Amino acid sequence: MSESSKENTKWMMRAISLASLGKGKTSPNPMVGAVILDKNKNLIAEGFHHKAGAPHAEAMAFNNLKKDAKGGSMFVNLEPCCHQGKTPPCVDKIITSGIKKIYISIEDPDKRVSGKGIKLLKAAGIQVDLGLCKKESLELNKAFIYKNITNKAFGVLKWAMSIDGRIGLKNGNSKWITNEDSRSLVHSSRAEFDAIIIGGNTLRKDNPLLTTRGLKTPEPLRVVFTKTLDLPIKSNLWDCNEAKTLVIYDSSTANESFLSLIPKCVEVEKVCSDNPELISKLLAKRGCNKVLWECGPRLATAAIKSNCIQEIITFIAPKILGGENSMNPFGDFEFREMHEIIKLSNSHVSLISNDICVKSSLKN
Ligand SMILES: NC(=O)c1ccc[n+]([C@@H]2O[C@H](COP(=O)([O-])OP(=O)(O)OC[C@H]3O[C@@H](n4cnc5c(N)ncnc54)[C@H](OP(=O)(O)O)[C@@H]3O)[C@@H](O)[C@H]2O)c1
């Protein structure tokens with residue numbers, strides 16, 4: 001790699017690292033960072049998109065300019081926007097700034113922008129270099145990209161289990177399988193997500209809080225998917241001062257007379273079947289890029305079958321629950337041949353005190 005391409009990679013990686021500071025706060029928007037160099041390649045400004053509704057990364061960088069950008073260059077991890085949204089088009093600002101060259105890592109999958117921003121920059125005489133640090137940029141914004149292509153929220157399924165692969169006792173007792181450090185890690189990692197989903201039975205058995213314990217404001221949306229609407233009168237999820245809660249019910253099976261028992265502060269939406277894909281679509285429409293499924297075996301199996309899960313996080317504790325009286329993380333997938341089973345890829349393994357955490361991707 002030449003000295004100048006090493007320098008360019010360094011600046012694009014800086015833009016990506018700035019972008020990642022917006023993790024968990026930018027949905028429905030992507031995470032974007034921008035760096036501006038003067039004509040002598042000295043850093044004169046940087047910025048990132050802090051949260052949805054706030055100025056875009058490019059605008060933030062222009063606001064922070066220490067000197068004239070004329071003849072300089074810009075590094076940005078996503079194609080600049082060219083449409084009027086909550087904020088003015090970034091392309092216009094870049095053109096009027098007199099910047100000579102722009103390095104863009106990846107095109108924006110948003111149909112309102114995709115390729116059009118680059119076209120306008122080129123038409124204004126700005127040199128455009130597309131593709132620098134593409135792999136890293138695709139990884140950073142994979143949930144945003146997935147949602148834009150599929151109209152579904154990117155799903156991560158998380159569960160905790162014993163070393164013999166059991167998630168709790170059949171009488172519903174599952175507190176606690178993993179150690180305190182693993183549980184704190186779960187609380188803090190919830191901050192990366194726009195919503196946390198469970199099924200009605202986990203609500204009845206566990207009465208969870210599903211919050212980051214104050215690490216993120218506002219807290220992620222808490223979602224309960226129910227076929228019956230037979231939910232407890234008292235529940236931690238009904239305390240909307242902690243976080244917002246949304247109940248989604250299947251109108252083809254639910255007893256709608258139970259609706260009156262749900263507190264007024266809780267939002268309710270109905271869908272026409274128990275297909276978890278409807279949840280992924282509904283949450284994407286509400287602006288969620290990335291959602292965490294923290295459900296039990298029945299909803300987890302249905303969510304995998306309907307391609308709602310793109311990644312998994314498993315915590316494995318050195319405990320044995322035994323067979324008959326304990327639960328598997330999944331129900332039956334009806335596999336009969338080894339070529340049918342679900343194979344995971346990109347696995348990362350880490351130790352959390354004496355627990356093991358495995359993160360993997362699912363191909364679907
Ligand atoms: N160790 C762990 O990581 C972990 C995590 C979560 C849960 N758990 C344990 O898992 C147990 C609950 O398991 P579960 O499988 O009943 O979990 P669940 O998360 O409650 O999912 C099942 C419930 O989801 C609703 N649902 C909506 N659409 C569905 C569909 N297509 N298929 C299946 N369910 C659908 C139903 O609610 P309604 O009944 O309201 O209609 C159903 O009872 C609890 O004992 C809990 O402690 C363990």
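Just follow the structure's listing: the first ligand is 1, and inside any ligand the first atom is 1. Owing to the predicted nature of the structure, the values given are computational and were not obtained by experimental measurement.
Remark: aromatic rings of Trp159 and Phe330 are close, center separation under 6.0 Å.
When heavy-atom distances to ligand 1 are checked against a 4.0 Å cut-off, Asp206 comes that close only through its side chain, counted from C-beta outward. Only side-chain heavy atoms of Ala302 come within less than 4.0 Å of ligand 1; its backbone N, CA, C and O stay farther off. Here Met161 has no heavy atoms under 4.0 Å from ligand 1, in either its backbone or its side chain. The side chain of Arg204, and not its backbone, has at least one atom closer than 4.0 Å to an atom of ligand 1 (non-hydrogen atoms only; side chain from C-beta on).
We find that Lys227 and Asp250 are not joined by a salt bridge, their nearest charged nitrogen and carboxylate oxygen being 4.0 Å or further apart. Comment: Glu139 does not engage Lys134 in a salt bridge, judged by the lack of any side-chain N to carboxylate O separation of less than 4.0 angstrom. Between Lys152 and Glu277, at least one side-chain N (NZ, or NE/NH1/NH2) sits under 4.0 Å from a carboxylate O, which counts as a salt bridge.
Tested against Glu192, the residues Lys290, Lys25, Lys216 include a single side chain to side chain donor-acceptor pair (under 3.5 Å) partner, Lys290. Phe154 pairs in a ring pair (Phe, Tyr, Trp, His ring centres under 6.0 Å) with only one of the listed residues (Phe193, Tyr146, Trp293), which is Tyr146. The only member of Ile36, Ile94, Asp129 that meets side chain to side chain contact (heavy atoms under 4.5 Å, CB included) when paired with Ile102 is Ile94.
Interface atoms of ligand 1 facing Thr202, defined by a heavy-atom separation under 4.0 Å, are 6 (C), 7 (C), 12 (C), 17 (O), 18 (P), 19 (O), 20 (O). Ligand 1 places these atoms under 4.0 Å from at least one heavy atom of Glu294: 5 (C), 6 (C). Applying the 4.0 Å criterion to heavy atoms of Phe225 picks out, from ligand 1, the atoms 24 (O), 25 (C), 26 (N), 27 (C), 28 (N), 37 (O). Close approach of ligand 1 to Cys295 is summarised as follows: ligand atoms under 4.0 Å from at least one heavy atom of the residue are 5 (C), 6 (C), 7 (C), 19 (O). Applying the 4.0 Å criterion to heavy atoms of Thr226 picks out, from ligand 1, the atoms 37 (O), 38 (P), 40 (O), 41 (O). Residue Gly172 has at least one heavy-atom neighbour below 4.0 Å for each of these atoms of ligand 1: 45 (O), 47 (O). Of all the atoms in ligand 1, the ones that sit under 4.0 Å from a non-hydrogen atom of Trp159 are 3 (O). Counting the atoms of ligand 1 from 1 in the order shown, those under 4.0 Å from a heavy atom of Asp274 are 28 (N), 30 (C), 31 (N).
Of the protein's non-hydrogen atoms, Ala160 N, 2.8 Å is the one closest to atom 3 (O) of ligand 1. The protein atom (non-hydrogen) at minimum distance from atom 45 (O) of ligand 1 is Met327 CE, 3.4 Å. With respect to atom 26 (N) of ligand 1, the closest heavy atom belonging to the protein is Lys227 CD, 3.8 Å. The protein heavy-atom contact nearest to atom 16 (O) of ligand 1 is Asn201 ND2, 2.8 Å. Protein heavy atom at the shortest distance from atom 43 (O) of ligand 1 is Arg298 NH2, 2.8 Å. Here the protein heavy atom with the shortest distance to atom 8 (N) of ligand 1 is Ile167 CD1, 3.9 Å. Atom 24 (O) of ligand 1 has Gly199 CA, 3.3 Å as its closest protein atom, hydrogens excluded (heavy atom only). Summary of contacts: the protein heavy atom closest to atom 37 (O) of ligand 1 is Gly200 N, 3.4 Å.
Between Val247 and Thr226 the shortest side-chain heavy-atom distance falls below 4.5 Å.
With Gly296, Ser174, Gly331, Pro329 as candidates, the residue nearest to atom 14 (P) of ligand 1 on a non-hydrogen basis is Gly296. Of the candidates Ala303, Ser273, Pro297, it is Pro297 that places a heavy atom closest to atom 13 (O) of ligand 1. Across the listed options Leu299, Asn171, Val186, Leu278, Leu299 owns the non-hydrogen atom lying nearest to atom 21 (O) of ligand 1.
Inspection of the Ser361 and Asn346 side chains reveals an N or O donor paired with an N or O acceptor under 3.5 Å. Of the N and O atoms on the side chains of Asp110 and Asn148, not one donor lies less than 3.5 Å from an acceptor on the other residue. Side chains of Arg190 and Thr212: a donor-acceptor N/O pair is absent below 3.5 angstrom, by distance only. Asn289 and Lys147 share a donor-acceptor pair across their side chains, judged by distance under 3.5 Å alone.
More than 12 heavy atoms of other residues, nucleotides or ligands lie within 6.0 Å of NZ in Lys343, so this atom counts as buried by the packing criterion.
Between the side chain of Asn42 and the main chain of Asp38, no donor-acceptor pair closer than 3.5 Å is present.
Between Leu231 and ligand 1, no pair of N/O atoms sits closer than 3.5 Å.
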